[in-house]
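Structure record follows, encoded as structure tokens.
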Protein chains: 2
Amino acid sequence: MEQISLNQAFGGSQGVYRHSSAVCGVDMTFSVYVPPHAEGARLPVVWYLSGLTCTHANVTEKGEFRRLCAELGLIFVAPDTSPRGEGVADDPQGAYDFGLGAGFYVDATQAPFDKHYRMESYVTQELPALIAAHFPADMARQSIMGHSMGGHGALTICLTHPERYKAVSAFAPIVAPSRVPWGHKALGGYLGPDRAAWRRHDAVALIEDGARLPDLLVDQGEADQFLAEQLRTDLLRDVCARTGQKATIRSHPGYDHSYYFIASFMGDHLAWHAERLR
Amino acid sequence: MEQISLNQAFGGSQGVYRHSSAVCGVDMTFSVYVPPHAEGARLPVVWYLSGLTCTHANVTEKGEFRRLCAELGLIFVAPDTSPRGEGVADDPQGAYDFGLGAGFYVDATQAPFDKHYRMESYVTQELPALIAAHFPADMARQSIMGHSMGGHGALTICLTHPERYKAVSAFAPIVAPSRVPWGHKALGGYLGPDRAAWRRHDAVALIEDGARLPDLLVDQGEADQFLAEQLRTDLLRDVCARTGQKATIRSHPGYDHSYYFIASFMGDHLAWHAERLR
């Protein structure tokens with residue numbers, strides 16, 4: 001693991017690192033904020049999964065999470081959103097919503113994407129092992145959050161690994177990729193046309209199929225340009241109501257899909273996570 | 001004035017605007033955060049002057065000022081650091097420390113820079129008039145802060161217009177441009193070789209020459225790569241001690257010159273300003 005940069009912030013350290021990923025078969029970059037802490041302490045870990053087109057850098061620069069992570073004693077890890085580099089297949093037209101920057105947190109089964117696009121294994125296995133080895137992390141206390149495609153990632157990964165995460169939350173998540181254009185393209189491209197294989201990667205379908213969490217927190221802006229066609233918070237609200245899945249789903253007038261929205265509610269999310277990571 | 005973007009954040013609005021500047025003779029871009037406020041209210045204005053290479057965007061994206069501006073009821077204005085566009089003279093070698101992105105908050109007297117580089121008049125006259133006309137601003141309550149070259153700008157502008165600003169603070173300012181390489185190049189290039197003309201644009205020289213402020217706040221990182229050669233906080237500390245100028249100058253182990261440092265202490269600065277703007 002190579003340290004690309006390290007900056008002191010709010011009494012802790014914001015680092016950016018690169019490592020050779022065996023799972024993805026390329027070098028991967030990620031960021032980790034370690035709050036101020038007592039020598040020898042082990043701290044809970046919050047995973048943040050980013051949205052389409054992002055790298056680790058977007059939330060690292062614009063997420064405004066460090067002040068609260070410092071106060072609450074949380075390590076904050078931000079992985080990339082796809083493999084990148086020479087030989088990594090991309091969308092044939094170079095579209096923003098598939099391929100590079102758009103891994104959708106699944107392990108692809110379809111060629112040529114199955115060679116490198118293994119983001120589920122990467123964020124649930126390989127990267128946690130690296131974090132455990134190199135940072136003062138208490139891996140018995142992890143939680144997960146994300147934005148948009150990363151909100152989809154956080155919800156589906158927590159629903160399929162509920163024993164792993166003490167809390168989950170999402171900003172403007174894609175809640176039902178099986179039913180929206182972004183998801184049709186991504187799940188079809190990575191997993192193939194058999195929609196049965198998609199259900200493990202669709203939060204609404206997982207809840208319909210019986211997966212349950214103690215609780216979940218979702219914030220959604222009402223001025224979000226992607227809400228009606230791609231995000232469909234209404235489908236999550238419906239399935240939670242139908243199945244009795246406990247959920248706190250909040251709708252905020254005037255907020256859009258940007259990091260200005262995320263930063264505005266980051267404090268609420270980190271407090272939610274910290275309470276459940278104690 | 002044209003609105004380029006408007007995003008809701010922390011209950012207020014973060015806008016980016018472009019206007020045709022008569023003073024600079026080109027279109028100029030700036031950002032304004034307006035916190036949530038009662039209809040008809042007039043709010044105090046904090047000016048933020050950025051450092052070398054920056055535009056309005058750096059602090060707007062990375063400054064982490066909105067949460068506190070929302071709490072404290074402060075309008076936050078971030079101008080650009082130089083004129084830009086067709087016909088604007090730049091450093092002959094395209095260096096980062098002169099010309100584009102490096103206006104140094106002076107009105108140039110030397111050709112060809114005197115045609116567009118009029119950043120002192122721009123940030124003290126033209127842009128305030130535009131803010132007064134278009135935003136719910138109480139122009140009787142203004143204050144000013146900045147980073148690096150912008151810290152130099154904030155200190156010198158406040159020292160030369162002390163009646164205008166209720167408070168001044170700086171992150172890692174260039175305190176004595178007459179005595180450091182960045183300043184030699186910039187003041188020489190914009191104002192010519194006569195060093196007498198430089199003293200109005202040198203915070204330490206201004207205090208030596210008798211300018212006084214009620215108080216000033218400076219934060220400086222000890223791991224700042226520019227501290228020893230370009231920033232020279234020690235010279236500000238010395239002149240304040242010699243002349244009796246009241247000053248709060250803090251030195252922070254481990255912090256560098258980046259926005260990670262600025263964001264870590266932005267809350268302290270905004271609280272300092274708010275107290276003096278009441």
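Just so it is clear: chains get the letters A, B, ... in the order the sequence lines come, proteins before strands, and each one is counted from 1. As a basis for the values below, the full set of heavy atoms in this structure was taken, side chains included, without hydrogen atoms, waters or symmetry mates.
Residues B:Y260 and A:T60 are in side-chain contact: their nearest non-hydrogen atoms beyond the backbone lie under 4.5 Å apart. A:Q8 has its side chain out of reach of B:H252: every pair of non-hydrogen atoms, C-beta onward, lies at least 4.5 Å apart.
For B:D256, the part lying near chain A is the side chain, with the backbone staying farther off; criterion is any non-hydrogen pair under 4.5 Å. Only the backbone of A:F261 comes within less than 4.5 Å of a heavy atom of chain B; no side-chain atom from C-beta onward does. Heavy-atom distances place both the backbone and the side chain of B:Y255 under 4.5 Å from chain A.
For residues 33-57 of chain A, a heavy-atom distance under 4.5 Å to chain B picks out no residue at all. Chain A is approached within less than 4.5 Å, heavy atom to heavy atom, by no residue from residues 96-105 of chain B.
In terms of non-hydrogen atom pairs under 4.5 Å with chain B, the most contact-rich of A:G63, A:A70, A:G254 is A:G254. The most heavy-atom pairs under 4.5 Å with chain B, out of A:K62, A:R67, A:Q14, come from A:R67.
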